[in-house]
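Here is the structure we will look at.
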Amino acid sequence: MMLLARSVRAMFDAQARDMGLTFARAQAILAISRDEGLNQTQLAETLAIETPTLNRTLDGLEKLGFVERRADPDDKRVRQIFLTEHARANASEIETFVEALRAKLYDGIDAEEVARARKTMERMQANLERMRGQ
């Protein structure tokens, strides 16, 4: 599974390079688009990554003009994350790109097989969560 994940990430990064994206950056943009205004800690939790890793990703996205960090009106120490107009204008292109890559990845694999594989991975994730809680 780890080899497959690495390979998918490498393929994504190679094909998305022209858009200035990486797998991590695209994941962040899509997560932000689903729930704008999350603070950095919440976004890191959503993406299941550490906050310093997220900060590096956000730094890159900010330089490209995809996101902006704004002070939380209730707590000036906290930064909320929002997409820029540039990101919104490109969000559908990013989603289309992700869907096309996913379709190529699943080529020749029956939808039922994909669903079974997802269910199995979800069970494995739940097992890991239980192990963490012990």
Side-chain angles (χ1 to χ4, degrees):
M1 281 191 304
M2 290 167 56
L3 179 59
L4 176 61
R6 258 190 242 124
S7 296
V8 167
R9 218 177 169 89
M11 179 61 66
F12 185 101
D13 289 351
Q15 292 188 11
R17 190 171 291 125
D18 290 343
M19 291 188 286
L21 292 178
T22 62
F23 186 82
R25 288 176 179 176
Q27 292 290 89
I29 289 171
L30 294 175
I32 296 164
S33 73
R34 287 188 293 269
D35 198 2
E36 283 196 74
L38 288 175
N39 67 44
Q40 292 179 187
T41 302
Q42 293 166 324
L43 183 56
E45 288 171 7
T46 298
L47 295 170
I49 60 175
E50 298 294 323
T51 304
T53 302
L54 175 65
N55 285 333
R56 286 190 298 276
T57 300
L58 292 175
D59 288 345
L61 288 172
E62 238 175 358
K63 285 179 187 169
L64 291 169
F66 282 106
V67 299
E68 60 182 357
R69 300 177 214 192
R70 299 180 198 159
D72 184 320
D74 299 324
D75 185 347
K76 300 295 182 204
R77 298 169 296 170
V78 175
R79 311 298 280 172
Q80 294 177 298
I81 314 301
F82 295 89
L83 295 181
T84 62
E85 289 306 314
H86 171 68
R88 282 189 194 91
N90 289 289
S92 64
E93 180 184 353
I94 295 166
E95 286 199 37
T96 300
F97 171 79
V98 169
E99 287 302 317
L101 186 61
R102 186 175 291 132
K104 289 176 188 174
L105 181 64
Y106 294 166
D107 186 42
I109 302 171
D110 185 61
E112 289 179 16
E113 289 179 81
V114 173
R116 276 194 304 276
R118 279 188 176 155
K119 190 173 235 176
T120 300
M121 287 187 282
E122 287 169 2
R123 286 187 196 145
M124 293 168 75
Q125 183 65 38
N127 289 344
L128 285 171
E129 294 299 323
R130 267 197 316 279
M131 291 166 56
R132 258 188 228 132
Q134 292 178 354

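What you see is a predicted model; the values in this text were computed from it and never measured. FYI, the numbering just counts along the sequence from 1.
- Every residue meeting the salt bridge (Lys or Arg N to Asp or Glu O under 4.0 Å) condition with Glu68, not counting sequence neighbours, appears here in chain and number order: Arg70.
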Donor-acceptor pairs under 3.5 Å, side chain of residues 32-40 to any protein atom, not counting sequence neighbours: which ones?
{"residue": "Ser33", "atom": "OG", "partner": "Leu30", "partner atom": "O", "Å": "2.8"}
{"residue": "Glu36", "atom": "OE1", "partner": "Leu83", "partner atom": "N", "Å": "2.8"}
{"residue": "Glu36", "atom": "OE1", "partner": "Arg88", "partner atom": "NH2", "Å": "2.9"}
{"residue": "Glu36", "atom": "OE2", "partner": "Arg88", "partner atom": "NH2", "Å": "3.0"}
{"residue": "Asn39", "atom": "OD1", "partner": "Thr41", "partner atom": "N", "Å": "3.0"}
{"residue": "Asn39", "atom": "OD1", "partner": "Gln42", "partner atom": "N", "Å": "2.8"}
{"residue": "Asn39", "atom": "ND2", "partner": "Gln42", "partner atom": "OE1", "Å": "3.4"}
{"residue": "Gln40", "atom": "OE1", "partner": "Arg69", "partner atom": "NH1", "Å": "3.4"}
{"residue": "Gln40", "atom": "NE2", "partner": "Asn55", "partner atom": "OD1", "Å": "2.8"}

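- Each ring pair (Phe, Tyr, Trp, His ring centres under 6.0 Å) pair with one or both residues in residues 111-134, not counting sequence neighbours, would appear here, but there are none.
- Under the side-chain contact (heavy atoms from CB on, under 4.5 Å) criterion, Pro73 pairs with Gln80, sequence neighbours left out.
- The side chain to side chain donor-acceptor pair (under 3.5 Å) analysis of residues 108-122, with sequence neighbours excluded, yields the pairs Tyr106-Arg118.
- Within the structure, ring pair (Phe, Tyr, Trp, His ring centres under 6.0 Å) pairs that include any residue of residues 32-84 comprise Phe66-His86 (at least two apart or interchain).
- Residues satisfying the side-chain hydrogen bond (donor to acceptor under 3.5 Å, both in side chains) test with Arg132, not counting sequence neighbours, are Glu129.
- Checking side-chain atoms of Ser7 against main-chain N and O of Leu3 turns up a donor-acceptor pair under 3.5 Å.
- Between Ile29 and Ile94, the shortest heavy-atom contact is CD1-CD1, 4.0 Å.
- Applying the ring pair (Phe, Tyr, Trp, His ring centres under 6.0 Å) test to pairs two or more places apart or on separate chains, none has a residue in residues 115-134.
- The side-chain contact (heavy atoms from CB on, under 4.5 Å) check on Met1 picks up Met121, Met124, with sequence neighbours excluded.
- For the pair Leu47 and Ala31, the tightest heavy-atom approach, listed with the atom from each and the gap, is CD2-CB, 3.8 Å.
- The line from CD1 of Ile81 to CG of Leu61 is 9.5 Å long, rounded to the nearest 0.5 Å.
- When side chains are defined from C-beta on, Thr51 does not count as touching Leu43, because their heavy atoms never get closer than 4.5 Å.
- A search for side-chain hydrogen bond (donor to acceptor under 3.5 Å, both in side chains) contacts involving Arg130 returns Asn127, not counting sequence neighbours.
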Name every donor-acceptor pair, under 3.5 Å, that has one atom in a side chain of residues 9-16 and the other anywhere in the protein, sequence neighbours excluded.
{"residue": "Asp13", "atom": "OD1", "partner": "Phe23", "partner atom": "N", "Å": "2.6"}

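- Listed by first then second residue, pairs satisfying side chain to side chain donor-acceptor pair (under 3.5 Å) with a partner in residues 95-105 read Glu99-Arg102, not counting sequence neighbours.
- Taken together through direct or relayed side-chain contacts under 4.5 Å among Ile, Leu, Val, Met, Phe, Trp and Tyr, Leu4 and Leu101 form parts of separate hydrophobic clusters.
- Heavy-atom minimum distance, Gly60 versus Arg25: CA-NH2, 3.5 Å.
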